[in-house]
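For reference, the structure discussed in these notes is given below.
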Amino acid sequence: MRDLSSLLQHNVAWAEGKLREDPAYFDKLSGLQAPEFLWIGCSDSRVPANVITGLEPGEVFVHRNVANLVHPGDLNMLSVLEFAIEVLGVKHVIVCGHYGCGGVHAAVDGEEHGIVDHWLQPIRDVAERYEHELAESPGPEARHKKLCELNVRSQVQTLGRTPIVQATWKSGKPLQLHGWAYGLEDGRIRDLECTISGPEGLISRRVALPGTDIGF
């Protein structure tokens, strides 16, 4: 097990390595922050946005929480979203879940986990809404993967309904919302093909989500 001093030592080695590669690296990094992407992902330590996308520090603005949820009342997430769009000018917001997500498991395992159970309620809502489709999965692992994907799709739709995103589209500014899922077992990101670029991409709750036959 690593102690805190090893983290500081690794930091020194990393910083010195960067300076050897490019003496102006930190001068450039400390300048204007201009990322093109906002990443809303899971807090899971195995899913670092920069690493799995091959991006450098400064190239992606990141918000993470348990199970990559978009709660309409989450002022932390909303503040990040507003800053990213209005100040940083990002044009792409990515909601990225991952297979093997402990939060998704905890939402539907029937156990009590404490305060996080309140946080995970949107996943239980999704699981209930797609109960029949999930029941047709060939096994528990397939069911879990399907629920992870349905959760991401649902969060993209919720994100599109926030006043911040609605106002951005109304103003005519380009903004795309994307839904991805990351595989811990192979390191690959799957595009769930649920990108929306305006209010017309929002799905009526009486209409099926892409890739499903059950209403959102």
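Predicted, not measured: the structure shown is a model, and the values here were computed from it. All values below come from the heavy atoms of this structure, side chains included, with hydrogens, waters and symmetry mates left out.
- Using a 3.5 Å distance cut-off with no hydrogens or angles, the side chains of Glu149 and Tyr99 do pair a donor with an acceptor.
- Nearest heavy-atom pair, Leu202 versus Gln166, reported as atom, atom and distance to 0.1 Å: CD1-NE2, 3.3 Å.
- Within the 3.5 Å criterion, the main-chain N or O of Leu75 finds a donor-acceptor partner in the side chain of Ser79.
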Stepwise side-chain contact (heavy atoms from CB on, under 4.5 Å) test for Trp180 and Val152: CA-CA 7 Å; Trp180 292 357; Val152 169; 5.9 Å; no
side-chain contact (heavy atoms from CB on, under 4.5 Å) assessment of Glu36 paired with Glu59: CA-CA 6 Å; Glu36 297 181 30; Glu59 293 184 324; over 6 Å; no
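- The environment of CG in Leu4 is sparse: at most 12 heavy-atom neighbours from other residues, nucleotides or ligands sit within 6.0 Å.
- Around CD of Glu185, the count of heavy atoms belonging to other residues, nucleotides or ligands within 6.0 Å exceeds 12.
- The heavy-atom pair separating Arg190 from Arg188 by the smallest distance is NH1-O, 3.0 Å.
- A perpendicular orientation is assigned to the rings of Trp14 and Tyr25, their planes being inclined by more than 60° (bins at 30° and 60°).
- By the neighbour-count criterion of 12 heavy atoms within 6.0 Å, atom CG of Leu8 is densely surrounded, having more than that number from other residues, nucleotides or ligands.
- Within 6.0 Å of the CD atom in Glu128, the count of heavy atoms belonging to other residues, nucleotides or ligands does not exceed 12.
- In terms of heavy atoms, Val66 sits closest to Leu120 at CG1-CD2, 4.0 Å.
- Note that CD of Glu112 is 7.0 Å distant from CG of Asp117, once rounded to the nearest 0.5 Å.
- Atoms NE2 and SG, on His178 and Cys96 in that order, are 12.0 Å from each other to the nearest 0.5 Å.
- Of all the heavy atoms in Gly201 and Ile196, the pair that sits closest is O-CG2, 3.2 Å.
- The distance from the SG atom of Cys194 to the CD atom of Gln157 is 8.0 Å, given to the nearest 0.5 Å.
- Under the 3.5 Å distance criterion, with hydrogens and angles disregarded, a donor-acceptor pair is assigned to the side chains of Gln176 and Ser197.
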List, one per line, each side-chain donor-acceptor pair under 3.5 Å for residues 40-51, sequence neighbours excluded.
unit_1, atom_1, unit_2, atom_2, d
Ser43, OG, Asn65, N, 3.3
Ser43, OG, Asn65, O, 3.4
Asp44, OD1, Arg46, N, 2.8
Asp44, OD1, Arg46, NE, 2.9
Asp44, OD2, Arg46, NE, 3.4
Asp44, OD2, Arg46, NH2, 2.7
Asn50, ND2, Glu56, O, 3.2

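- The ring-ring contact (aromatic ring centres under 6.0 Å, His included) search around Phe37 returns His92, not counting sequence neighbours.
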